[in-house]
Amino acid sequence: MIEYQTRPASRGATSPDAAVDAAVLSTVVKRFTSAKGEEFTAVNGLDLRIRRGEVVAFLGPNGAGKTTTIDMLLGLTRPDSGQVQLFGQAPQQAVRAGKVAAVLQSGGLLPDLTIGATVHMLASLHPGADPERCMARAGIGELRNRRASACSGGEQQRLRFAVALLSNPEFLVLDEPTAGMDVAARRDFWAAVREDAARGMTVMFATHYMEEADQFADRVVMINKGSVVADGSASSIRAAISGRTVSALISPYEAELVARSAGVRSATTRGDRSFFNCTDSDALLRVLVNETSATEIEVAPRSLEEAFMAITNNGRSVQKGI
């Protein structure tokens with residue numbers, strides 16, 4: 001096991017119980033029964049502690065247990081064993097108190113209501129809520145007269161974000177929040193989330209966009225088969241996976257020969273450029289320079305996506321001490 005420390009959360013919390021962690025999951029197990037009557041374990045002894053003010057990316061392949069874990073955090077389902085607490089309380093209590101809000105992938109919208117009517121109606125459930133501010137924060141103020149059913153997938157996600165902000169939550173859970181958004185909308189969405197996080201909100205988000213985890217998370221938690229397999233900063237997780245990626249403009253014939261070189265673990269081609277994952281980049285560079293006609297040679301550290309694939313495909317465990 002490789003141990004390392006994450007960057008400590010720099011954002012403060014003003015609550016009198018600020019020492020209490022935002023979320024704690026202790027040896028949590030959740031099982032389900034399939035349509036065929038077969039029992040399977042979705043979450044298997046998961047331990048996770050999220051400190052106040054952290055922005056945590058929650059990653060894992062399909063079927064890893066991400067959605068089940070999020071459902072337990074939100075009190076939508078209960079663990080079969082183990083304990084889940086938010087701010088020292090049961091999830092249902094924290095949600096009822098308005099401390100926790102979520103942006104989920106689907107559901108929760110009335111198709112015949114306009115965006116403005118939806119946000120104002122739900123704002124009535126939260127004394128002191130400012131629906132106009134929340135719509136502006138989510139970038140949907142100009143869409144107030146559009147029915148939810150007429151909104152694109154990305155616009156519906158921004159509507160869910162506005163609704164989530166109504167209670168001024170201390171902990172925001174985001175499940176694939178930018179699915180369906182274009183590049184500009186994704187950029188604006190994360191700018192708004194970062195502003196709220198800078199004021200002390202704790203954020204946990206699940207995403208398939210590795211660049212979002214790399215750019216916006218203080219900490220990356222990867223799970224596979226219902227258990228945590230990596231936990232740390234994005235840079236620490238990348239560094240824990242040995243080797244570098246060497247790329248070059250090279251003929252297909254020469255690329256095939258280079259791929260057979262010692263230390264080359266895999267090779268792919270994207271357009272005119274070939275990429276080689278290797279254990280010894282210096283040796284590979286000598287091969288490319290001295291034995292091929294390769295040009296525009298580049299060496300880069302492993303990406304978070306490559307680390308994710310290596311960890312989840314090979315069953316590696318990369319942990320940090322808390």
Side-chain angles (χ1 to χ4, degrees), residues 1-7 9 21-25 28 30 41-51 53-74 84 102-106 157 161 171-181 186 189-190 193-194 197 201-243 245 277 301-322:
M1 179 182 295
I2 303 171
E3 294 187 356
Y4 48 87
Q5 295 294 326
T6 58
R7 176 163 56 89
D21 289 310
V24 178
L25 298 91
V28 172
K30 182 64 181 179
T41 302
V43 176
N44 187 18
L46 189 143
D47 289 302
L48 180 62
R49 182 184 302 271
I50 299 175
R51 293 180 289 269
E54 285 189 308
V55 178
V56 179
F58 193 47
L59 309 180
N62 291 334
K66 299 190 305 297
T67 298
T68 301
T69 301
I70 288 172
D71 286 348
M72 288 189 288
L73 276 171
L74 298 175
V84 180
V103 177
L104 303 180
Q105 295 183 56
S106 61
Q157 284 297 82
F161 181 45
F171 186 17
L172 183 60
V173 179
L174 308 169
D175 189 8
E176 301 292 344
T178 59
M181 292 187 190
R186 286 173 60 191
F189 173 85
W190 283 113
V193 171
R194 291 180 81 170
M201 180 189 291
T202 305
V203 179
M204 176 180 177
F205 66 95
T207 182
H208 285 300
Y209 297 117
M210 292 296 159
E211 67 272 19
E212 292 186 343
D214 211 346
Q215 292 176 21
F216 302 116
D218 299 324
R219 175 181 169 196
V220 174
V221 175
M222 294 183 185
I223 70 169
N224 194 29
K225 298 179 181 177
S227 300
V228 175
V229 293
D231 187 350
S233 66
S235 59
S236 295
I237 292 175
R238 287 197 304 270
I241 305 301
S242 62
T245 298
N277 288 329
R302 300 289 289 276
S303 67
L304 185 61
E305 180 174 355
E306 290 171 321
F308 173 82
M309 295 301 295
I311 291 168
T312 57
N313 286 345
N314 300 332
R316 295 192 54 173
S317 181
V318 182
Q319 297 285 342
K320 73 166 184 63
I322 297 182

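Computed from a predicted structure; not experimentally measured. Side chains are part of it too, since the values below use all heavy atoms of this structure and drop only hydrogens, waters and symmetry mates.
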Val43 vs Leu25, test: side chain to side chain contact (heavy atoms under 4.5 Å, CB included). Steps then yes/no.
CA-CA 11 Å; Val43 176; Leu25 298 91; over 6 Å; no
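Scanning for side-chain hydrogen bond (donor to acceptor under 3.5 Å, both in side chains) contacts around Asp214 gives Arg238, with sequence neighbours left out. Residues satisfying the ring-ring contact (aromatic ring centres under 6.0 Å, His included) criterion with Phe161, sequence neighbours excluded, are Phe189. For Ala23, the side-chain contact (heavy atoms from CB on, under 4.5 Å) partners are Ile50, Leu73, Leu86, Phe171, not counting sequence neighbours. Residues forming a side-chain contact (heavy atoms from CB on, under 4.5 Å) with Ser227 (at least two apart in sequence, or on another chain): Asn44. With sequence neighbours excluded, no residue satisfies side-chain hydrogen bond (donor to acceptor under 3.5 Å, both in side chains) with Asp71.
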Just list the side-chain donor-acceptor pairs under 3.5 Å for residues 201-212, sequence neighbours left out, or say none.
{"unit_1": "Thr202", "atom_1": "OG1", "unit_2": "Gly53", "atom_2": "N", "d": "2.9"}
{"unit_1": "Thr207", "atom_1": "OG1", "unit_2": "Tyr209", "atom_2": "N", "d": "2.9"}
{"unit_1": "Thr207", "atom_1": "OG1", "unit_2": "Glu212", "atom_2": "OE1", "d": "3.0"}
{"unit_1": "His208", "atom_1": "NE2", "unit_2": "Glu176", "atom_2": "OE2", "d": "3.4"}
{"unit_1": "Glu211", "atom_1": "OE2", "unit_2": "Arg186", "atom_2": "NH2", "d": "3.0"}
{"unit_1": "Glu212", "atom_1": "OE1", "unit_2": "Thr178", "atom_2": "OG1", "d": "3.4"}
{"unit_1": "Glu212", "atom_1": "OE2", "unit_2": "Thr178", "atom_2": "OG1", "d": "2.8"}
{"unit_1": "Glu212", "atom_1": "OE2", "unit_2": "Arg186", "atom_2": "NE", "d": "3.2"}
{"unit_1": "Glu212", "atom_1": "OE2", "unit_2": "Arg186", "atom_2": "NH2", "d": "3.4"}
{"unit_1": "Glu212", "atom_1": "OE2", "unit_2": "Trp190", "atom_2": "NE1", "d": "3.0"}

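For the residue pair Leu174 and Pro177, the shortest heavy atom distance occurs at CB-CG, 3.7 Å. The two residues Asp21 and Arg51 come nearest to each other via the heavy atoms OD1-CG, 3.5 Å. Nearest approach of Arg49 to Arg219, heavy atoms of both residues: O-NH1, 2.7 Å. A pairwise comparison of heavy atoms in Ala217 and Val220 identifies CB-CG2, 4.4 Å as the closest pair. Taking each heavy atom of Ala102 and Leu172 in turn, the nearest pair found is N-CD1, 4.3 Å.
Atom CG of residue Asp231 and atom CD1 of residue Ile223 lie 11.5 Å apart, to the nearest 0.5 angstrom. With rounding to the nearest 0.5 Å, the separation of CD1 in Ile311 from CE in Met222 is 4.5 Å. If you take CG on Leu74 and CG on Leu104, they are separated by 6.0 Å, rounding to the nearest 0.5 Å.
A distance-only check finds a donor-acceptor pair linking the side chain of Lys66 to the backbone of Gly60 [under 3.5 Å]. Side chain of Asn224 to main chain of Ala64: no donor-acceptor pair is present (N/O by atom type, distance under 3.5 Å, no hydrogens or angles).
Under the 4.5 Å side-chain criterion, counting only non-hydrogen atoms from C-beta, Ile237 is in contact with Leu304. Residues Phe308 and Leu59 form a side-chain contact, since some pair of their non-hydrogen atoms from C-beta on lies under 4.5 Å apart.
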